2 protein chains.
Amino acid sequence: MPDQHPTLRAKRRAETQRTIQAHALRLFTERGYDATTVTDVAEAAGVSPMTVYRHFPTKEDLVLIDQHGRLVAERIAASSAEQPMVRRIGGALIASAATLTGGGRGDDLTADARFLLARLRLMISTPALRAKHLDNHYALQQAIVDALEDDVTGPDAGFHAQAAASACLAAMHTALVRWAEDDGRTELSDVIAEALAAAFGDDFVDGNGRRPRGSQKYQ
Amino acid sequence: MPDQHPTLRAKRRAETQRTIQAHALRLFTERGYDATTVTDVAEAAGVSPMTVYRHFPTKEDLVLIDQHGRLVAERIAASSAEQPMVRRIGGALIASAATLTGGGRGDDLTADARFLLARLRLMISTPALRAKHLDNHYALQQAIVDALEDDVTGPDAGFHAQAAASACLAAMHTALVRWAEDDGRTELSDVIAEALAAAFGDDFVDGNGRRPRGSQKYQ
DNA sequence: ACCACGATGGTAGTGACTACCAGATTGATA
DNA sequence: TATCAATCTGGTAGTCACTACCATCGTGGT
């Protein structure tokens, strides 16, 4: 076991990784994604192109790195098996978003939220990134299905869970786009709740039993 | 207007297009998508690589060409504005699928259905194709939103329609995967109806008023 | 018969990404 | 402390998707 503590090597690796990604996002935002080559990013970060590929398998991964999936899966596994699937999933998505943004909005966003915002803006404007982001949902979807699997039974349980999870994630994706286009001026969790309500019915209630606030329509 | 009738030139063009795609699907299935180069496809089809790119902008488009979107949008525009959005969209998706497969299943599939099946099998096994296919739904989603726009009103009507449409399409995508993995042995429209029921509730009814089969768990 | 246009092919180039190899630094062990 | 293995990094050369730019030839209308 080479690393018991955050060893020096691991810290350096994480550091260069952050450096590369920061320069990448800056260049992509300034010049555009397609107009920026991986070599440009490498030069800006002071490393060789090889090193960039070692840290980020593809150029798209420079923008789309997410582990927020495990968090969602844990919340789902902890939720009550009594509720319908979409409610369990939707509640977890809303709660995770609320944790991420910390309740701030507008100019009062957390660093994490601002980071997410910058990446979403790039994703919206670049077809390749949009496609990859949607495909990334496949991993999250699988994690959700696994989290549900212990509770849901039946011959087609897996299929039904897949359908519910993919629909919820699609609605969330729409909400993320909306939120980013609004420059984060509304609460992300509210936007997600609104999208879920539009898709699954206005009686949609989040995991804590509160009704989603959303726009004036949902009060 | 150069073409009033299917002129000879247009027919030739369509012919080579079909030839190229047929050889592409064959090679992709035999050797795998990544292991087949565009040059391979061109040689097999007896044309130059340039010609392939003229007919199919990207390699992925050799597999993912769909115009079934217009059909869906027309059905939605023709549906009753009284029903909830997801029911209108879902009904259109189910009906379109039924038209496509013509009710056949198993070894009794129409040529169109077999063609779709081959393309779906490739899509499932190739990440790049999966991603592109999901992104292609964006165009269909926009068509659906436009078809709904005339009837739905409200401050966030567009956003709500986006959310509903994306969720429905995601559920349909899950159903397509399921159907292909089952080698088309079940009726595609039934699988889609089952996925929609799993996501949006067991009371989901398709456009013709029939109840979807679903599994016994969903009374 | 003539001419404009559209389809095809060739050449050269860009850029993402990979395989293979070499040197340097770190972390644990004798 | 000396040593050795694992890891990080850089270089080279190559593949492949994809894109101008230009030449050629057949089709379709005048």
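This one's a predicted model, so the numbers in the text were calculated from it and none came from an experiment. Order of the sequence lines fixes the chain letters, A, B, ..., with proteins taken first and strands second; residue numbering starts at 1 for each chain.
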When the nearest nucleotide of DNA chain D is assigned to Y53(B) and to V47(A) on a heavy-atom basis, which residue is associated with the more 5' position?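 Final value for this comparison: V47(A).
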Please list all pairs passing the ring pair (Phe, Tyr, Trp, His ring centres under 6.0 Å) test where one or both residues lie in [range], with sequence neighbours left out.
| range | answer |
| --- | --- |
| residues 23-51 of chain A | F28(A)-Y33(A) |
| residues 99-119 of chain A | none |
| residues 87-113 of chain A | none |
| residues 168-187 of chain B | Y138(A)-H173(B), H133(B)-H173(B), H137(B)-H173(B) |

Determine the contact category for T39(A): base if any of its heavy atoms lies under 4.0 Å from a base atom, sugar-phosphate if only primed atoms, P, OP1 or OP2 are that close, otherwise nothing.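 Contact class for T39(A): none.
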Protein N or O to nucleotides 11-16 of chain D N or O, pairs below 3.5 Å:
none

Would you please name every residue forming a side chain to side chain contact (heavy atoms under 4.5 Å, CB included) with D61(B), sequence neighbours left out?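 Counting only residues at least two positions away or on another chain, D61(B) forms a side chain to side chain contact (heavy atoms under 4.5 Å, CB included) with F56(B), P57(B), T58(B), I65(B), K132(B).
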Sequence neighbours excluded, which residues qualify as side chain to side chain contact (heavy atoms under 4.5 Å, CB included) partners of R18(A)? A14(A), E15(A)
Interface with DNA chain D, restricted to residues 12-19 of chain B and to heavy atoms under 4.0 Å: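 Listed by number, they are R12(B).
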Which residues share a salt bridge (charged side-chain N to carboxylate O under 4.0 Å, His left out) with D108(A), sequence neighbours left out: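 Counting only residues at least two positions away or on another chain, D108(A) forms no salt bridge (charged side-chain N to carboxylate O under 4.0 Å, His left out).
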For the pair made of CG in L62(B) and P in dA17(D), what is the distance, rounded to whole Å? 10 Å
Roughly, in whole Å, what's the span from CG in D34(B) to P in dA19(C)? 12 Å
With the threshold set at 4.0 Å, does a side-chain nitrogen-carboxylate oxygen contact exist between R70(A) and E74(A)? no
